[in-house]
There are 2 protein chains.
Amino acid sequence: MQVAPATLEIKAESLSALEVESIELFIGFFKLIGLQKSVGEIYGLLFVSSRALAMDDIMTRLGISLGAASQGLKVLRSVGAVKSVYMPGDRRDHYVADLELSKFATAFIQEELKPRLDRALERIGTMESLASGMAPEERSTADERLERLKHWLERSESMLPWLLKFLVK
Amino acid sequence: MQVAPATLEIKAESLSALEVESIELFIGFFKLIGLQKSVGEIYGLLFVSSRALAMDDIMTRLGISLGAASQGLKVLRSVGAVKSVYMPGDRRDHYVADLELSKFATAFIQEELKPRLDRALERIGTMESLASGMAPEERSTADERLERLKHWLERSESMLPWLLKFLVK
DNA sequence: CAGGTATTTCATTTTTTATTGAAGCGCTTG
DNA sequence: CAAGCGCTTCAATAAAAAATGAAATACCTG
């Protein structure tokens, strides 16, 4: 019931050892800041490429789908990690890696970390109101802990501008 | 074909608004450092609890399974986020939240971030060797980029001790 | 502006990750 | 030292996240 041609093993074009190493490095790095594997793969490939690559080069080399390539590039563009360069006589967009590594860290801090800290501080406001209507005994526990959490979060948030400056340098 | 007793709606014990707010706050916060929802739920509940809770209190209040509670507490113990306190006349372990919030950040930096930076620097060493066997043209591209990445990673790593000191204060 | 080619979108499928709960371990205690 | 309770483990299941690829869209270009 199965048609399985023995000669059909057309996987992805093989990647060089350098490319594999770069791809693995960036998969790990990007996962840390919440970006998916395919995004890391694409950036890793572009990072060690000496020429700009079109989307279907990327698909072919990495063996990923059209959709994954398109969406991955969209994410990378949105954080400024790749830019497209004009290639005379070719209608396709060609991409190169932006080497300003600090951009990823900056995007992560501004788009993930900062909003989450802000949201947490908002919630603490709500919780303070809620605690104010509690019995004295439980209220004092809650108040103390909320105060402590608030201080820590404010302190952390106050460090972000410094951190950003350091990373961008 | 369905037996649906109208009176059967025995879900989890209801949580107070304060508890819900705390749980949501910590789910979000912990997700950021790669910890799962159930871990955030447990810590969030303990954070606003004025008394120590046993594992089955936690299960019942949150409506999570035995396994999830056990594993979640294991993770929280391992990062020092909860400690168990002795309750006379009760064989069960009882847990309270450790309020030293910096512990989570510290654990994250030391157990996730630092090792990943180290691994990345290792990989760069490998890549430098690989690049040295390439054609001059491609080699210079690779060398320049690797140098740049290495500097940025080293710089980031050099900041960690400072960051840790700041968070712990 | 017709006939493509490149790209995006998104419902479906696949893969990965988290949760469940029953089996079993080990400690306590009567 | 047996019986039971509390807890952990882990194979099975469920839920969430990511990838696929066909259809729709945008965009050249002759």
Side-chain angles (χ1 to χ4, degrees), chain A residues 10-12 23-24 26-46 52-79 82-96 112, chain B residues 10-12 23-24 26-46 52-79 82-96 112:
Chain A
I10 308 163
K11 284 285 301 184
I23 289 166
E24 288 176 350
F26 284 105
I27 287 175
F29 190 53
F30 281 30
K31 195 175 295 169
L32 199 64
I33 60 176
L35 297 181
Q36 63 227 41
K37 193 182 149 195
S38 60
V39 175
E41 287 179 291
I42 296 168
Y43 188 84
L45 178 63
L46 290 173
L53 301 180
M55 203 174 86
D56 65 303
D57 295 330
I58 293 169
M59 286 169 56
T60 312
R61 302 296 310 288
L62 296 174
I64 63 177
S65 71
L66 191 72
S70 174
Q71 287 177 194
L73 284 167
K74 187 177 173 184
V75 170
L76 288 168
R77 280 194 308 266
S78 82
V79 298
V82 303
K83 48 192 177 192
S84 67
V85 297
Y86 173 64
M87 300 287 276
D90 195 331
R91 267 170 71 178
R92 299 172 303 170
D93 287 340
H94 287 251
Y95 295 94
V96 295
E112 293 290 322
Chain B
I10 307 163
K11 283 286 301 184
I23 288 166
E24 287 176 349
F26 284 104
I27 287 175
F29 189 55
F30 280 31
K31 196 176 293 170
L32 198 64
I33 59 174
L35 297 180
Q36 62 225 42
K37 193 180 151 197
S38 59
V39 174
E41 287 178 291
I42 296 170
Y43 188 85
L45 179 63
L46 290 172
L53 300 180
M55 203 174 87
D56 65 302
D57 296 329
I58 292 170
M59 287 168 55
T60 311
R61 301 295 310 289
L62 296 174
I64 63 177
S65 71
L66 189 69
S70 174
Q71 287 177 194
L73 285 167
K74 187 178 172 183
V75 170
L76 288 168
R77 280 194 309 267
S78 82
V79 297
V82 302
K83 49 192 176 192
S84 67
V85 297
Y86 174 63
M87 299 287 275
D90 196 332
R91 268 170 70 176
R92 301 172 303 171
D93 287 340
H94 286 252
Y95 294 93
V96 295
E112 293 290 321

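So you know, we letter chains A, B, ... as the sequences are listed, proteins then strands, and number each from 1.
- In this structure, OH of B:Tyr95 is placed 6 Å from P of D:dC7, rounded to the nearest angstrom.
- Atom CG of A:Asp93 is separated from atom P of D:dT25 by 20 Å (rounded to the nearest Å).
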Can you check nucleotides 21-23 of chain D for protein contacts, nitrogen or oxygen pairs under 3.5 Å, and list what you find?
{"from": "D:dG21", "atom 1": "N7", "to": "A:Gly67", "atom 2": "N", "distance (Å)": "3.4"}

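- D:dT9 atom P lies 13 Å from atom CG of B:Leu73, rounded to whole Å.
- In this structure A:Gln36 satisfies the side chain to side chain contact (heavy atoms under 4.5 Å, CB included) test together with A:Ser38, A:Val39, sequence neighbours excluded.
- Between the CZ atom in A:Arg77 and the NZ atom in A:Lys74 there is a gap of 8.0 Å [rounded to 0.5 Å].
- Put simply, CE on B:Met55 is 13 Å from C1' on C:dT20, counting in whole angstrom units.
- The side chain of A:Ile64 approaches D:dT20 more closely than any other nucleotide in the set D:dT20, C:dT20, D:dA18.
- Between A:Lys37 and A:Ala54, it is A:Ala54 whose nearest contact on DNA chain C lies nearer the 5' terminus.
- A heavy-atom distance below 4.5 Å is found between the side chains of B:Leu73 and B:Ile58.
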Cut-off 3.5 Å, no hydrogens considered: what does the side-chain donor-acceptor table look like for residues 86-94 of chain B, sequence neighbours left out?
{"from": "B:Asp90", "atom 1": "OD1", "to": "B:Arg92", "atom 2": "N", "distance (Å)": "3.0"}
{"from": "B:Asp90", "atom 1": "OD1", "to": "B:Arg92", "atom 2": "NE", "distance (Å)": "3.1"}
{"from": "B:Asp90", "atom 1": "OD2", "to": "B:Arg92", "atom 2": "NE", "distance (Å)": "3.4"}
{"from": "B:Asp90", "atom 1": "OD2", "to": "B:Arg92", "atom 2": "NH2", "distance (Å)": "2.9"}
{"from": "B:Asp90", "atom 1": "OD2", "to": "B:His94", "atom 2": "NE2", "distance (Å)": "3.1"}
{"from": "B:Arg92", "atom 1": "NH1", "to": "B:Asp56", "atom 2": "OD1", "distance (Å)": "2.7"}
{"from": "B:Arg92", "atom 1": "NH1", "to": "B:Asp56", "atom 2": "OD2", "distance (Å)": "3.3"}

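- Spacing between atom CD1 of A:Ile42 and atom C1' of D:dA18 amounts to 13 Å, rounded to whole angstrom units.
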Check the interface with nucleotides 27-30 of chain C: list each N/O to N/O pair with the protein under 3.5 Å, or write none.
none

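- Not one side-chain nitrogen or oxygen of B:Lys74 sits closer than 4.0 Å to the OP1 or OP2 atom of D:dC7.
- A sub-4.0 Å separation between OP1 or OP2 of C:dT19 and a side-chain N or O of B:Gln36 is present.
- The ring-ring contact (aromatic ring centres under 6.0 Å, His included) test with A:Tyr43 is passed by exactly one of A:Tyr95, A:Phe26, A:Phe29: A:Phe26.
- We find the CG-NZ distance between B:Leu62 and B:Lys37 to be 10.0 Å, quoted to the nearest 0.5 Å.
- Rounded to whole angstrom, the span from the NE2 atom of A:His94 across to the P atom of C:dA6 amounts to 9 Å.
- Remark: P of D:dC28 and OH of A:Tyr86 are 11 Å apart, rounded to the nearest angstrom.
- A:Leu46 has its side chain out of reach of A:Val96: every pair of non-hydrogen atoms, C-beta onward, lies at least 4.5 Å apart.
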Polar atom pairs between nucleotides 12-15 of chain C and protein, under 3.5 Å, N or O only, would you list them?
none

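- Remark: DNA chain D forms stems of 3 or more consecutive Watson-Crick or G-U wobble pairs, all pair distances under 3.5 Å, at C:1-30 with D:1-30.
- Looking only at side-chain heavy atoms (C-beta outward), A:Glu112 and A:Ile33 stay at 4.5 Å or farther from each other.
- Taking side-chain N and O atoms only, B:Arg77 has a distance below 4.0 Å to OP1 or OP2 of D:dT8.
- Put simply, CG on A:Leu53 is 17 Å from C1' on C:dT7, counting in whole angstrom units.
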